[in-house]
Asker: 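To start, I am sharing the structure in question, which I have written as C-alpha cells.
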2 protein chains.
Amino acid sequence: MKKKSNRVTITQVAEKSKVTIGTVSHVINGTAPISPEVTARVQKVIEELNYIPNMTARSLRSKKSKQVGFLVPNLNNSFYPRILSTFINHAFEHEFIVQIFGYEYSVEKELQVMNNLSSNSVDIVIIINGMGDEAGINRLLDMHKKVILADRFSDMKGVNCIFFDNNQAILEAVALMKSKGYRKIGFISEPLTFTNIQERFAGFQAALSACGYAFAEDDVFICGGFQLDALVNGYHYMSNILEKRDKKHLPDAFIATSDLLAIGTIRALREHGYQVPGDFGIISFDNIEISSFVNPRLTTIEQNQTDMGTELFHLVQAISENKNVSDKIILPQKLIIRDSC
Amino acid sequence: MKKKSNRVTITQVAEKSKVTIGTVSHVINGTAPISPEVTARVQKVIEELNYIPNMTARSLRSKKSKQVGFLVPNLNNSFYPRILSTFINHAFEHEFIVQIFGYEYSVEKELQVMNNLSSNSVDIVIIINGMGDEAGINRLLDMHKKVILADRFSDMKGVNCIFFDNNQAILEAVALMKSKGYRKIGFISEPLTFTNIQERFAGFQAALSACGYAFAEDDVFICGGFQLDALVNGYHYMSNILEKRDKKHLPDAFIATSDLLAIGTIRALREHGYQVPGDFGIISFDNIEISSFVNPRLTTIEQNQTDMGTELFHLVQAISENKNVSDKIILPQKLIIRDSC
DNA sequence: TTGAAAGCGGTACCAG
DNA sequence: CTGGTACCGCTTTCAA
C-alpha cells in the first residue's frame, strides 16, 4: 500500500525535521536567520526525502514565477531558434522557465497570444519583432508583467528594447560594392512591417548617397506574400522578376534583408544562367549558420544571435531582480566578407 | 487611488454576482447544474470585470496544468524547430502551454532538466531523442507525469513512443545508388547514441545486402565530437578523411545520417576538387528546408517534421483526455530524389 | 441548485 | 532564532 509515491511536501519535511513549515521555508529561501544546527537538520531531511518545492504553490503565494513568455514570429528561419537556443540555456542555468509561442507574422495571433499571456503565470514577456500590438503590450503592462521588445525599436514607456544598430554595417556593405565596381545597387526586402527592416531601408538609402549612388524607387523590390518562408519566397520572387526584366534593366548588386531571402534569390539567378558574384553581387543580413555552406558563400551582415540571446537573458535577470537597466540596448552588426560580393 | 489595476479574482466576481465562489467556479467549469438565471448573471459579471481565472491557483488545486515540457537536443539543426513549430501552433490553439528545454546532447543535462521538470507544473513531458535517461523518465513517471518519447524507440512501460520507420526508405535509397552505378557505399554518421541512428545503421546494412553490396567496416565513418554542429563537424570530418585517403580507397557513394552532415561533407568534397554527384553520390536523412537550396540539391530521405509535430500534439491531447492511444506510433519516411545522387 | 468550508503547498508576517 | 498562522485563488466535497 506504499505504492503512491506522491510528491514530498514541505509539511513532511517539517515533521521529520521537528520544526514548522515556516522554518523549513526560511532555510530554503534564506529569508530569516536560522541556527546552523536546525539548518543542517532540515537540509539533511530535504536530501533524504528528495524534496523539491512545488513551484505552483510558490508562485501562487509569492506572485513571482520565474517564468518568461517568449514570443517569436516563427521557428523556421533559423535566426530565431538561434536566439532562443542561447536564451533557454541561460534560463535553465538560472532556473527560469520559458514558455514559447509563435505568432506566425500575424498581428491577430500576436494579440491573441498576448491576451493569453496576460492571464498566465509568466512575469516577463519577450517579443521578438512584432508590430501593431501596442494594445496587447499595454494589457500585459496592466497585468504587471514586464515586457521586452527584441530586434525592434519602440518609444513606449515601461518597456525595454534591445536591437541591432542597422546603420553602420550597411554603409560598409555598400562601400564594398562600390569598391568591387558594382554600378547600381538594389534593395530586395521582406515587407517593411518590422522596425528593423524599416531601419535597414533607411540605412540603405543613407549608405547609397554616402557612397555616391543614386537611389531609384525602381530598384526596390519588396517581396510580398507570407513572410513564413523567405527561402521559397525569395526564389519565386526573383524568378518572376527575371521573367520580366533582363540584366540590363536590373541593378547589378543587391542588398537583401535576410540570408534566406538571398539564398532563394541566388538560386533563381543561377537557374537563369547568371553568376553570383560575377553578374550580380549580393550582400544580405543575419549570418545564419548555413550562410557559409551555400554556393557562393554569403557575404553578409552578421547579427549575432548568440549575443542577442545572451543580452536578452541578462535583461530578464536584471529586470526580475529589479535592478536598474537601460531602456534601450543596442547591439552592433558586423560585415562578414565571403564570396557573394 | 484606483491606480492598482490588479487582477480580478473569482471572489470579486462572486460578490458582484451575489453568489459564492463555488458557484462561480461551477458556471465556469460546468461542474454542477446551475440555473440559467444565475449562470447568465455570473457570465455577465465575468464579461464586465474581464475576469480571467488564475491558472496558477487552478493548477495548484486541481493538479492539472495543460502545460507540457518539450525537451529537444538543441535548436540549431532546423529539424527540431520545425517539429516544435508545428507543435506549438496546435498547442496554442487548444490552450496548452509549452515549456521548452534544450539538453544539448548531454545526458547529464537531460537528467537535470528532467529532475527540474518533475517538480514543476507540467503534466506531460515530451523528449525528442535522448538516451541513458531511464532514471529520469522513471522519476517523471513517479511524479505522475506522462512521458512521450519522440523520434526514438523504447520498450519502457508507461511511456508512449512515436518514431519514423527507419528501414523502408533507406532500401530505396541504396537501390537508387545501385541503379546509378555506384560501386561502393559508405555510411557517414553521427555517433550511434540515439536509437534512430542505430536503426538507420541496421537498415543500411540490411539494404546493402538486399541490393547485393558487401558491407565493409572500413567504410563506416562515425563523425565524433559534439553533435551540436553537424554542419561544421561534417565538413571537418570529411576534410580530414580526404587528407588521408584518396578517392580510390573511398566509397563512391555515401548515406549520411542527416542533411546537415551531408552539406558539410559536400563542401569538403568540393573543396578537394571532387564533384557531387559525379565523383561521389550522397543521400542523407531529414529533408530540412535548405536541402533543396544548396548545391547540389540534396537527394534525401524525408522525415516529415510537420507530421511529427502534429502527431505529437494529437498524442498529447489524447493523453490529457485519458483517451486510449497506441503505445507506439510509426511514421513513414520518403525518399526525395534530387541532384546529389 | 446553491452555500459553506476545507484544503492544494507554499510564503510572509508577527509573536515570543 | 523559531513557532504559529493567515492567506494566495481556485476546485471540490458535503450539506442544506
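Because only heavy atoms are used, hydrogens play no part in the values below, and waters and symmetry mates are left out as well, while side chains stay in. Each chain gets a letter, A, B and so on, in the order its sequence line appears, and its residues count up from 1. Since the structure is predicted, the reported quantities are computational estimates derived from the model, not experimental observations.
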Asker: Once rounded to the nearest 0.5 Å, what's the spacing between atom CG of B:Asn29 and atom CZ of B:Arg58?
Answerer: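 That separation rounds to 5.0 Å.
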Asker: What do the steps show when you test B:Lys44 against B:Glu48 for salt bridge (charged side-chain N to carboxylate O under 4.0 Å, His left out), and what is the final call?
Answerer: CA-CA 6 Å; B:Lys44 183 148 165 287; B:Glu48 287 171 10; 3.3 Å; yes
Asker: Any N/O pairs under 3.5 Å between the protein and nucleotides 2-5 of chain C? List them or say none.
Answerer:
unit_1 : atom_1 : unit_2  : atom_2 : d
C:dT2  : OP1    : B:Ser35 : OG     : 2.7
C:dT2  : OP2    : B:Ser35 : N      : 2.5
C:dT2  : OP2    : B:Ser35 : OG     : 3.4
C:dG3  : OP2    : B:Thr20 : N      : 3.3
C:dG3  : OP2    : B:Thr20 : OG1    : 3.4
C:dG3  : OP2    : B:Thr23 : OG1    : 2.7

Asker: Counting heavy atoms not belonging to B:Glu321, are there more than 12 under 6.0 Å from its CD?
Answerer: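 More than 12 within 6.0 Å, yes.
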Asker: Measuring from B:Ile124:CD1 to B:Phe96:CZ, what's the distance to the nearest 0.5 Å?
Answerer: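 Here the interatomic distance stands at 6.0 Å.
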Asker: Taking five pairs at each end, how big is the angle between the two axes of the helix from C:dT1-D:dA16 to C:dG16-D:dC1, to 10°?
Answerer: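 End axes: 40° apart.
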Asker: Is it true that the side chains of B:Asn129 and B:Tyr80 contain a donor and an acceptor less than 3.5 Å apart?
Answerer: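 Short answer, yes.
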Asker: Under 4.0 angstrom, heavy atoms only, what part of the nucleic acid is B:Thr9 near: base, sugar-phosphate, or nothing?
Answerer: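 Sugar-phosphate contact only.
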Asker: Among B:Val125, B:Asn138, B:Leu140, whose side chain to side chain contact (heavy atoms under 4.5 Å, CB included) with B:Met114 holds?
Answerer: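 Of B:Val125, B:Asn138, B:Leu140, side chain to side chain contact (heavy atoms under 4.5 Å, CB included) with B:Met114 is met by B:Leu140 alone.
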Asker: Tell me: CG of A:Leu49 to P of C:dG10, nearest whole Å?
Answerer: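 A:Leu49 atom CG is separated from C:dG10 atom P by 12 Å.
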Asker: What residues in residues 60-68 of chain A put a non-hydrogen atom under 4.0 Å from any atom of DNA chain D?
Answerer: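 A:Leu60, A:Arg61, A:Lys63, in order of number.
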Asker: Without hydrogens or angle criteria, can the side chains of A:Lys109 and B:Asn89 be said to hold a donor-acceptor pair below 3.5 Å?
Answerer: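 Their side chains do contain a donor-acceptor pair, which is all the 3.5 Å distance test asks for.
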Asker: As an exercise, state the distance from CD1 of A:Ile83 to CG of B:Leu75, rounded to the nearest 0.5 Å.
Answerer: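 It is 11.5 Å, given to the nearest 0.5 Å.
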Asker: Would you please say whether a donor-acceptor pair under 3.5 Å links the side chains of B:Asn120 and B:Gln99?
Answerer: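 Distance-only check passes for B:Asn120 and B:Gln99.
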Asker: Return the set of residues passing side-chain hydrogen bond (donor to acceptor under 3.5 Å, both in side chains) with A:Glu95 (not counting sequence neighbours), or none when no residue passes.
Answerer: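 Partners of A:Glu95 under the side-chain hydrogen bond (donor to acceptor under 3.5 Å, both in side chains) test: none.
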Asker: Mind checking the OG-CG spacing from B:Ser65 to B:Leu60? Nearest 0.5 Å is all I need.
Answerer: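 Spacing of OG (B:Ser65) from CG (B:Leu60) equals 11.5 Å.
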Asker: Report the residues that fulfil side-chain hydrogen bond (donor to acceptor under 3.5 Å, both in side chains) with B:Lys328, sequence neighbours left out, ordered by chain and then residue number.
Answerer: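 Not a single residue meets the side-chain hydrogen bond (donor to acceptor under 3.5 Å, both in side chains) criterion with B:Lys328.
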Asker: Around B:Lys66, counting heavy atoms of other residues, nucleotides and ligands shown, do more than 12 lie under 6.0 Å from its NZ?
Answerer: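 Correct, the count exceeds 12.
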Asker: Students should find this one: the first and last nucleotides of DNA chain D, 5' to 3', lying under 4.0 Å from a heavy atom of chain B. What are they?
Answerer: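 Under 4.0 Å from chain B, the extent on DNA chain D is D:dG9 to D:dT13.
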